[in-house]
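Report on the following structure.
In what follows, chains carry the letters A, B, and so on, assigned in the order in which the sequence lines appear, proteins first and then strands, with residues in each chain numbered from 1.
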2 protein chains.
Amino acid sequence: MNDKACLCKNIAPEEMLSIKNELPSSDTISHLAEFFKVFGDGNRLKILYYLSRHELCVADLTALVDMQQSAVSHQLKLLRLNRLVKLRKEGTTVYYSLDDSHVESIFDLALVHLREQR
Amino acid sequence: MNDKACLCKNIAPEEMLSIKNELPSSDTISHLAEFFKVFGDGNRLKILYYLSRHELCVADLTALVDMQQSAVSHQLKLLRLNRLVKLRKEGTTVYYSLDDSHVESIFDLALVHLREQR
DNA sequence: CACATATATGAACACATATTCATACAACGA
DNA sequence: TCGTTGTATGAATATGTGTTCATATATGTG
């Protein structure tokens with residue numbers, strides 16, 4: 001951190017320091033970023049929406065979101081790694097469902113933001 | 001939408017249809033995805049955190065997040081386009097601050113998710 | 001066991017994104 | 001007006017990400 005002229009023009013150095021010190025850990029920050037990244041794709045959002053409505057097998061999801069089965073599987077894996085969905089196997093069929101109670105509240109908040117700002 | 005064997009094994013066709021029909025518009029979905037994408041980067045999260053604590057000029061932010069000034073400006077532009085920050089000019093200095101009341105609640109929700117799941 | 005079906009996976013490719021570098025611009029002081 | 005400072009911007013580059021294709025795996029059926 002260099003010492004350019006502008007620094008702290010309007011902030012007391014102690015306040016600046018406490019703001020800097022209270023930054024969440026870089027671990028927390030990268031987890032947060034990873035988490036939001038998952039929501040940053042339309043197809044994943046669609047999958048999450050559908051799963052928020054009903055448990056669905058891969059083939060159903062594939063038809064609903066109009067993607068290839070392989071692409072859906074890849075995205076489901078990502079969602080699973082981020083613990084947003086869980087699966088249940090029945091024979092060769094795999095059923096997915098939401099594994100997070102916050103998904104919908106996060107959706108709602110974002111929608112509020114969009115409605116207010118556009 | 002094809003008609004593979006698995007379709008609707010556990011869902012009444014009418015329900016399937018209503019779920020499909022209630023999918024938010026593709027416009028809404030891409031706005032949502034764009035919005036979340038903004039949060040999907042650690043440096044932007046840091047910038048948002050700092051701005052949530054205090055109005056800051058570009059040079060201050062540059063020092064705090066330890067990036068190059070140019071990179072900070074690029075990110076601030078993106079944040080501005082997504083109406084998450086606003087600016088105020090004073091001479092040659094540009095002060096940025098949060099322009100969205102939901103940023104912090106969205107942070108909080110995501111943090112709750114992370115705490116519960118890891 | 002041979003075959004079909006549902007899903008998962010790895011590699012390759014195309015595209016998006018973040019950063020850097022060089023430079024432009026705008027406001028101010030001498 | 002010239003130089004300086006704070007910020008913005010465009011092009012280039014490197015890295016990341018999503019999809020596709022081909023194929024593997026696993027389970028069930030005849």
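A sub-4.0 Å separation between OP1 or OP2 of dA6(C) and a side-chain N or O of Y96(A) is absent. For dT17(C), one of the phosphate oxygens OP1 or OP2 lies less than 4.0 angstrom from a side-chain nitrogen or oxygen of K37(B). Neither OP1 nor OP2 of dA8(D) sits under 4.0 Å from any side-chain N or O of K77(B).
The two residues V94(B) and K89(B) come nearest to each other via the heavy atoms CG2-CG, 4.1 Å. Heavy atoms only, all atoms of each residue included: N82(B) and E34(B) are closest at OD1-O, 4.2 Å. Nearest heavy-atom pair, L32(B) versus A110(A), reported as atom, atom and distance to 0.1 Å: CD2-CB, 3.4 Å.
Look at CG on L81(B): it is 13 Å from C1' on dA8(D), rounded to the nearest Å. Note: CZ (F39(A)) to P (dG18(D)) measures 14 Å, nearest angstrom. What separates CG of L61(A) from C1' of dT7(C) is a distance of 12 Å, to the nearest Å. Taking atom CZ of residue F36(A) and atom P of nucleotide dT17(C), one finds them 18 Å apart after rounding to whole Å. Rounded to whole Å, atom P of dT7(D) lies 13 Å from atom CD1 of I47(B). If you take CZ of R88(B) and P of dG6(D), they are 16 Å apart, rounded to a whole angstrom. If you measure from atom CG of L78(A) to atom P of dT9(C), you get 12 Å, rounded to the nearest angstrom. Across the protein-nucleic acid pair, K89(A) atom NZ and dA6(C) atom C1' stand 11 Å apart, rounded to whole Å.
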**Derivation and outcome, side-chain contact (heavy atoms from CB on, under 4.5 Å), residues L84(A) and L51(A)** = CA-CA 10 Å; L84(A) 292 172; L51(A) 294 181; over 6 Å; no
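Atom OG1 of T28(B) sits about 14.0 Å away from atom CZ of F35(B), to the nearest 0.5 Å. Atom-to-atom distance recorded for F36(B):CZ and I106(A):CD1 is 6.5 Å, nearest 0.5 angstrom. Put simply, OG on S30(A) and NZ on K37(A) are 9.0 Å apart, with the number rounded to the nearest 0.5 Å. Atom SG of C57(A) sits about 8.0 Å away from atom CD1 of I11(B), to the nearest 0.5 Å. Expressed to the nearest 0.5 Å, how far CG of L56(B) lies from CG of L61(B) amounts to 5.0 Å. Interatomic distance, L111(A) CG to H102(B) NE2, rounded to the nearest 0.5 Å: 11.0 Å.
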Between the protein and nucleotides 19-24 of chain C, which nitrogen or oxygen pairs are less than 3.5 angstrom apart?
residue, atom, partner, partner atom, Å
dT19(C), OP1, N43(B), ND2, 2.4
dT19(C), OP2, Q75(B), NE2, 2.5
dT20(C), O4, H74(B), NE2, 3.2
dC21(C), OP2, Q68(B), OE1, 3.2
dC21(C), N4, S70(B), OG, 2.6

Please write out the pairs of protein N or O atoms and N or O atoms of nucleotides 13-15 of chain C separated by less than 3.5 Å, giving the distance to one decimal.
none

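Residues passing the salt bridge (charged side-chain N to carboxylate O under 4.0 Å, His left out) test with E22(A) are R53(B), sequence neighbours excluded.
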**Prompt:** What string of B, S and - do you get for nucleotides 25-30 of chain C, 5' to 3', if B is base contact, S is sugar-phosphate-only contact and - is no contact with any protein heavy atom under 4.0 Å?
**Reply:** --BS--
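The backbone N or O of L98(A) lies less than 3.5 Å from a partner atom in the side chain of K86(A), making a donor-acceptor pair. Side-chain N or O atoms of Y49(B) include one that pairs as donor or acceptor with a backbone N or O of I19(A) at under 3.5 Å.
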Would you give me the side-chain donor-acceptor pairs under 3.5 Å for residues 72-80 of chain B, sequence neighbours excluded?
residue, atom, partner, partner atom, Å
S73(B), OG, Q69(B), NE2, 3.1
Q75(B), OE1, R44(B), NH1, 3.0

**Request:** Under 3.5 Å for both distances, Watson-Crick or G-U wobble, that's the pair rule; now give the dot-bracket for DNA chain C, with | marking pairs to another strand and [ ] for crossing ones.
**Result:** ||||||||||||||||||||||||||||||
